[in-house]
**Q** 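Here it is: the structure, laid out below.
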Amino acid sequence: MPVASSSRRTRRAPTSDIEDDGPSQAQQPQEDVEMDEEEDQPRRRKKSSKKKRAKEQDSDGEDVTVDQEDIPVPELKDYPLDKNQMTRLHGVSSDWALMRDKVHLPGYGFIREVASSVAEFTEGEKGEKALTEIDILMRELLDTEYELTAHEKALDDLQQKVARGEEIEGVIGAYQQGVQMRLDEYKTKTTRQKYAKNDYYQKFKQAIYEVQHPDVAMPPLADLLPQEEGDDSDDDDDIQMGGVTQDYKCPLTLQILVDPVTSKICGHSYSSSAAREYLAGGLPKACPATGCNKKITLSSLSANRDLAKRAREAARRERAREDDSQGEEVIE
């Protein structure tokens with residue numbers, strides 16, 4: 001008897017952190033001790049063949065969670081997808097969109113600021129090399145955004161098919177196929193087709209160009225990208241972007257923007273204090289920007305922190321150019 005008691009204690013000890021049966025373990029007969037010797041290994045090696053045996057052990061007091069472990073999880077991808085899963089599909093698609101909007105997109109502003117600083121403070125061959133590397137990084141970021149969007153759209157397609165009453169077999173395969181189809185299509189595009197119409201890339205190039213060529217309009221973005229086989233001719237107006245100079249002056253004060261606010265109606269920006277004074281009456285008024293006839297109100301304006309930062313940088317560069325100009329005059 002002492003030997004059996006000692007053997008029982010040494011065999012139960014390893015499972016004390018898994019099972020939480022408490023005092024009931026000490027009252028179990030010695031037959032349970034023999035079951036502990038086969039506790040995990042047989043079930044993990046042959047779950048499907050042990051399913052019936054596990055049910056028989058359940059009648060002797062074994063934990064019923066064994067049956068749940070026997071479910072062949074990898075086979076879930078073969079189950080048909082119906083309208084009951086529409087909410088889940090929408091949730092997963094929203095997760096991809098959230099990842100893109102909250103984690104990925106803020107990186108564009110950071111890279112643009114770095115490129116602008118490098119263009120201003122790093123000269124010569126070293127500066128050109130650094131800008132080339134930053135440009136490659138920017139394109140990779142855009143490529144990653146497209147991949148995130150491909151996952152989102154593939155899930156949206158599945159959701160639409162389910163909404164139309166189509167039964168989808170092999171959900172995982174259909175989802176992966178939808179993603180891969182979009183990525184393959186993207187890989188066939190030329191550099192211009194990928195980036196020439198992208199607003200983030202446009203702003204990136206604009207930030208560099210206005211530092212290197214102050215007060216000069218940036219040429220169409222397509223002119224800054226090499227023409228490749230499959231591109232339209234250079235005189236195709238549909239792909240042309242650029243040819244404008246970024247204006248950081250308020251149309252009301254004609255001075256550099258201070259704490260700018262941007263209209264949701266027309267997209268023009270104004271210094272916040274000047275805009276509040278202009279719209280103090282509360283009634284809609286015409287946008288003061290030249291050539292714009294949209295009506296704006298205080299409620300249609302929102303703070304633009306990104307523009308505020310760029311306006312401060314533009315003001316600093318303008319002061320630096322003036323100082324340099326005055327220094328040259330003194331030397332002469």
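Values in this document were obtained by computation on a predicted structure and should not be read as measured data.
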**Q** Is there side-chain contact between Arg310 and Arg112, with at least one heavy-atom pair below 4.5 Å?
**A** yes

**Q** With the threshold set at 4.0 Å, does a side-chain nitrogen-carboxylate oxygen contact exist between Asp259 and Arg305?
**A** no

**Q** Output yes when a side-chain donor or acceptor of Ser271 lies under 3.5 Å from a complementary backbone atom of Ser273, and no otherwise.
**A** no

**Q** Could you tell me whether Lys153 and Asp157 make a salt bridge, using a distance below 4.0 angstrom between a side-chain N and a carboxylate O?
**A** no

**Q** Within this structure, what is the CG-CD distance for the pair Leu155 and Gln160, rounded to the nearest 0.5 Å?
**A** 11.5 Å

**Q** Taking ring pair (Phe, Tyr, Trp, His ring centres under 6.0 Å) as the test, write out the residues that go with His151, two or more places apart.
**A** Trp96, Tyr175

**Q** Is any side-chain heavy atom of Leu137 less than 4.5 Å from a side-chain heavy atom of Ile111?
**A** yes

**Q** Drop me the distance from Lys197's NZ to Leu221's CG, to the nearest 0.5 angstrom.
**A** 12.0 Å

**Q** Taking side chain as C-beta onward, heavy atoms only, is Gln180 less than 4.5 Å from Gln177?
**A** no

**Q** Where the side chain of Arg192 meets the backbone of Asp231, is there a donor-acceptor pair that is under 3.5 Å apart?
**A** no

**Q** Rounded to the nearest 0.5 Å, what separates atom CE in Met99 from atom CG in Leu148?
**A** 6.5 Å

**Q** Is it true that the side chains of Asp135 and Tyr201 contain a donor and an acceptor less than 3.5 Å apart?
**A** yes

**Q** Between atom CG of Leu158 and atom NE2 of His90, what is the distance when rounded to the nearest 0.5 Å?
**A** 14.5 Å

**Q** Within the supplied structure, the quantity of interest is the number of heavy atoms (other residues, nucleotides, ligands) at a distance under 6.0 Å from Lys161 NZ; does it exceed 12?
**A** no

**Q** Just do the side chain to side chain contact (heavy atoms under 4.5 Å, CB included) check on Glu145 and Leu141 with the steps written out, would you?
**A** CA-CA 6 Å; Glu145 182 193 352; Leu141 199 63; over 6 Å; no

**Q** Under a 3.5 Å threshold, yes or no: a donor from one side chain and an acceptor from the other, between Asn198 and Gln202?
**A** no

**Q** Side chains of His268 and Cys292: does their closest heavy-atom pair fall under 4.5 Å?
**A** yes

**Q** Check Arg139 with Asp143, please: is the shortest side-chain N to carboxylate O separation under 4.0 Å?
**A** no

**Q** Is it true that Glu229 and Thr190 share a donor-acceptor pair across their side chains at a distance under 3.5 Å?
**A** no

**Q** Any side-chain heavy atom of Glu277 sitting closer than 4.5 Å to one from Leu252?
**A** no

**Q** Is the shortest side-chain heavy-atom distance between Cys250 and Gln255 below 4.5 Å?
**A** no

**Q** For salt bridge (Lys or Arg N to Asp or Glu O under 4.0 Å), just list the numbers for Glu120 and Arg316, CA-CA rounded to whole Å, side-chain angles, deciding distance to a tenth of an Å, and then say yes or no.
**A** CA-CA 11 Å; Glu120 182 176 2; Arg316 182 187 58 75; 2.6 Å; yes

**Q** Please check if any side-chain donor atom of Ser93 sits under 3.5 Å from a side-chain acceptor atom of Asp156, or the reverse.
**A** yes

**Q** In Å, rounded to the nearest 0.5 Å, how long is the span from NZ of Lys189 to NZ of Lys194?
**A** 9.0 Å

**Q** What residues, two or more places apart in sequence or in another chain, satisfy side-chain contact (heavy atoms from CB on, under 4.5 Å) together with Thr144?
**A** His104

**Q** Do the side chain of Thr188 and the main chain of Glu185 share a donor and acceptor less than 3.5 angstrom apart?
**A** yes

**Q** Out of curiosity, Ser263 OG to Lys295 NZ, how far, rounded to the nearest 0.5 Å?
**A** 12.5 Å

**Q** What pairs with His213 under ring pair (Phe, Tyr, Trp, His ring centres under 6.0 Å), at least two apart in sequence or on another chain?
**A** Tyr209

**Q** Should the ring pair Tyr146 and Tyr186 be called parallel, tilted or perpendicular, given that the plane angle runs from 0 to 90° and is split at 30 and 60?
**A** parallel

**Q** Is there a side-chain contact between Asn304 and Asp306, using heavy atoms and a 4.5 Å cut-off?
**A** yes

**Q** Side chains of Tyr248 and Glu210: do they bring a donor and an acceptor to under 3.5 Å?
**A** yes

**Q** A quick test of your reading: do over 12 heavy atoms of other residues, nucleotides or ligands sit less than 6.0 Å from CD of Gln212?
**A** yes

